[in-house]
Number of protein chains: 2
Amino acid sequence: MEREDLGALFARITRRLIEAERPLLEARGLSMWGYVVLSHLSHRPASTQLALARAIGYDKTRLIGVLDDLERDGLVTRVPDPADRRARIVELTPAGRDRHRDARDDIGAMEDAFLGALSDGRRAALRRTLAQLAAEGE
Amino acid sequence: MEREDLGALFARITRRLIEAERPLLEARGLSMWGYVVLSHLSHRPASTQLALARAIGYDKTRLIGVLDDLERDGLVTRVPDPADRRARIVELTPAGRDRHRDARDDIGAMEDAFLGALSDGRRAALRRTLAQLAAEGE
DNA sequence: TATTGTTATACTCTATAACTATA
DNA sequence: TATAGTTATAGAGTATAACAATA
């Protein structure tokens, strides 16, 4: 039996998901990485830029432009850490929290449609397995 | 309950798989897309360049460099189609078939390790679900 | 001397258009 | 007029090094 590469399967599905997300985020005025930043801050309220970059697996120099955009749009604030004046603490504003919730809801609805053909049991099994595989790498 | 984005989960796992594949392919002298081309030709023996590009979801202009490399290394041949002299038919050479088999075996072993913690039942369920999700988009 | 945030530069990938030879 | 393969060019994304401020 011909077993298809796991990597090819994952890559194809990831590409489809990203393509489906892009217009939803664009309609909310968010870039992909901007959304990732808001998501991370939504359940871990404040973080230095370096810690944030490491947590989301992104480069610290590229994160700067993303934060510039988010700050300009009033979705996050950067305030100097009193304990270490080199560091700047990134925090969600109320507007940032709202924007993230709206985008997340849009994406959640898209994901439900994406998984359309799967039973509830298979959806749950998939999420469990994915969470386990994603967690192992840390 | 906080449900993590499906897209983020898939993207993280895909990145890990690709990072694990890269050194294996490099050791076999193959690029990622070179391997994808060999894989496709291994179960669909011959194809025009345009059909190949569409089948693997890649751009026809970028495919050219990939085929140049594979041809230079003696892994594929490009012969003009007698029925349509604009088109060139891409075919695996015996060396190409061997190279693909070796790389595929390396990758298969890596994937088994990657899925290490999962039971046989959960592996099978995952593959079934992934195949279904990947197929829907076509 | 090392670290945080930043800027600058070079490099790689990707997208697009244009060209040739056939149809 | 359209299509298969190719080439060239411009743009986006990425990696790296260097800098100022602070530890």
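We name chains A, B, ... by the order of the sequence lines, and we start the count at 1 in each one. All values derive from a computational prediction rather than experimental measurement.
- At dG5(C), none of the side-chain N or O atoms of R78(A) fall inside 4.0 Å of OP1 or OP2 (strictly under the cut-off).
- At whole-Å resolution of the value, CG in L63(B) and C1' in dT14(C) are 14 Å apart.
- The distance from atom CG of D59(A) to atom C1' of dT4(C) is 14 Å, rounded to the nearest whole Å.
- Put simply, Y58(B) and L9(A) are part of the same group of oily side chains (I, L, V, M, F, W, Y) that touch within less than 4.5 Å, one to the next.
- Straight-line distance from the CD1 atom of I64(A) to the C1' atom of dA18(D): 13 Å, rounded to whole Å.
- Taking all atoms of both residues into account, the shortest heavy-atom contact from D106(A) to L24(A) is O-CD1, 3.8 Å.
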Criterion side-chain contact (heavy atoms from CB on, under 4.5 Å) on L70(A) and V90(A), from CA distance to verdict | CA-CA 10 Å; L70(A) 293 174; V90(A) 183; over 6 Å; no
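- A donor-acceptor contact under 3.5 Å is formed by the side chain of R86(A) with the base of dT3(C).
- To the nearest angstrom, C1' of dT22(D) lies 15 Å from CD of Q49(A).
- Nearest-nucleotide assignment on DNA chain C puts the 5′-proximal partner with D84(A), out of D84(A) and D68(A).
- Distance NZ (K60(B)) to C1' (dC13(C)): 19 Å, rounded to an integer number of Å.
- In this structure, L50(A) places its CG atom 13 Å from C1' of dA2(C), rounding to the nearest Å.
- Distances shorter than 4.0 Å separate some side-chain N or O of R85(B) from OP1 or OP2 on dA23(C).
- Checked against Q49(A) for a side-chain hydrogen bond (donor to acceptor under 3.5 Å, both in side chains), the options R54(A), R78(A), K60(A) give a single hit: R78(A).
- Counting only heavy atoms from C-beta on, T61(B) has its side chain closest to dT7(D) among dG5(D), dA23(C), dT7(D).
- When distances run from any side-chain atom of Y58(A) to the nucleotides dA23(D), dT6(C), dT14(D), the shortest one goes to dT14(D).
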Hey, mind stepping through L6(A) and I107(B) against side-chain contact (heavy atoms from CB on, under 4.5 Å) and telling me if it holds?
-> CA-CA 9 Å; L6(A) 207 59; I107(B) 288 173; over 6 Å; no
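- The interatomic distance linking D81(A) (CG) with dT4(C) (P) rounds to 11 Å, in whole Å.
- Here the P atom of nucleotide dT4(C) and the CG atom of L67(A) are 15 Å apart, to the nearest Å.
- Look at R62(A) and you won't find any side-chain N or O under 4.0 angstrom from OP1 or OP2 of dT6(C).
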